[in-house]
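Proteins get letters first, then strands, A, B, ... in listed order; numbering begins at 1 in each.
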Amino acid sequence: MKKTIAVLNQLRKKGLIKNYAIGGGIATIFYVEPFFTYDLDVFIIPSGTVKKQNLILLSPIYNYLQAKGYKWKGEHILIEGVPVQFIPADEFEKEAVARAKAVEYEGIKTRVLAPEYLVAVLLRAGRKKDLEKIEKLLEQTKIDRRKLGAILRKYGLSKKFDLL
Amino acid sequence: MPGKKASQMKIVMRGNRIITRKELFEKKEKFHREQAKLPFEEKIKILIRLQEIAKSAHKSTSGGKLGVWKIPSKSRSK
């Protein structure tokens with residue numbers, strides 16, 4: 001995964017994305033015990049130049065990656081053996097990406113959604129598997145409840161959280 | 001919800017060590033919390049092992065294909 005992260009950092013360095021943060025199952029694993037998952041979800045803030053008529057063009061990123069020899073596998077692009085799914089961040093996720101936690105993996109810098117934002121992002125998605133991840137996060141890692149409460153209120157997720 | 005009687009049920013463990021059902025579940029919880037504290041790199045090694053187990057189980061039951069991350073052996077569990 002080290003090489004995969006290096007490629008993500010390259011995308012940022014080359015200006016193809018403004019920023020990124022790992023989300024989904026792998027971000028959850030960062031905070032809780034390991035569990036089975038397959039893809040690496042990466043929330044990205046595309047560069048201004050790829051936004052056209054309110055369309056987010058990911059083709060510059062994919063063209064760059066394909067030129068480097070990375071191939072598609074279903075809806076993922078296989079980067080150094082890891083199936084990566086790029087998710088262009090909406091307003092809420094942009095805030096989550098901006099406040100992501102800087103971490104190191106085998107000596108290389110990367111960014112993972114902070115647990116409070118991760119809970120909120122998963123809650124909004126709301127599938128059974130997302131709710132299971134929230135349960136693990138609430139049980140196994142330190143969550144700043146005040147911070148989480150503020151995020152949930154800001155994005156209208158408080159009621160949904162109370163129903164958990 | 002298990003009653004008080006059930007939680008006090010005694011279980012004979014390896015080496016004839018006796019623990020209650022309540023203690024057994026407390027130990028399980030503790031194990032999960034400790035696993036959560038492993039370094040990220042260790043967790044990814046475990047994840048790849050889980051993918052390999054899932055792949056072989058899936059193959060033997062349905063013959064279908066499930067992927068395993070193909071990352072360098074240094075990042076894999078021994």
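Between chain B and the options A:Val112, A:Val103, A:Leu40, A:Ile26, the largest number of non-hydrogen pairs under 4.5 Å is found for A:Ile26.
The environment of NZ in A:Lys136 is crowded: more than 12 heavy-atom neighbours from other residues, nucleotides or ligands sit within 6.0 Å. Counting heavy atoms of neighbouring residues, nucleotides and ligands inside a 6.0 Å radius, atom NZ of A:Lys3 does not exceed 12 of them. Atom CD of A:Gln66 is surrounded by more than 12 heavy atoms from other residues, nucleotides or ligands within 6.0 Å.
A single hydrophobic cluster is not seen to contain both A:Leu78 and A:Ile61; linkage of ILVMFWY side chains at heavy-atom distances under 4.5 Å, directly or through other members, places them apart. Hydrophobic clustering (ILVMFWY, side-chain heavy atoms < 4.5 Å, transitive): A:Trp72 and A:Phe86 are in one cluster. By the criterion of side-chain heavy atoms lying less than 4.5 angstrom apart, applied directly or through intervening Ile, Leu, Val, Met, Phe, Trp or Tyr residues, A:Ile151 is grouped together with A:Leu164 in one hydrophobic cluster. By the criterion of side-chain heavy atoms lying less than 4.5 angstrom apart, applied directly or through intervening Ile, Leu, Val, Met, Phe, Trp or Tyr residues, A:Phe92 is grouped together with A:Val42 in one hydrophobic cluster.
Formation of a donor-acceptor pair under 3.5 Å by the A:Gln140 side chain with backbone atoms of B:Arg33 is not found in this model. Between the side chain of B:Lys43 and the backbone N or O of A:Ile29, at least one donor-acceptor pair lies under 3.5 Å. Not one N or O on the side chain of B:Gln35 forms a donor-acceptor pair closer than 3.5 Å with the backbone of A:Val32.
In this structure, A:Glu33 CD and B:Glu34 CD are separated by 11.5 Å, a value rounded to the nearest 0.5 Å. Separating the NZ atom in A:Lys2 from the CD atom in B:Glu41 is a distance of 9.5 Å, to the nearest 0.5 Å.
No option in B:Ile46, B:Ile44, B:Ile48 other than B:Ile46 meets the side chain to side chain contact (heavy atoms under 4.5 Å, CB included) test with A:Pro34.
Using a 4.5 Å cut-off on side-chain heavy atoms (C-beta onward), A:Thr4 and B:Trp69 make no contact.
At a 4.5 Å heavy-atom cutoff, the contact between A:Phe30 and chain B is made by backbone and side-chain atoms alike.
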Do A:Phe36 and B:Ile53 pass the side chain to side chain contact (heavy atoms under 4.5 Å, CB included) test, and can you show the C-alpha distance, the side-chain angles, and the key distance before you say yes or no? CA-CA 10 Å; A:Phe36 177 78; B:Ile53 293 166; over 6 Å; no

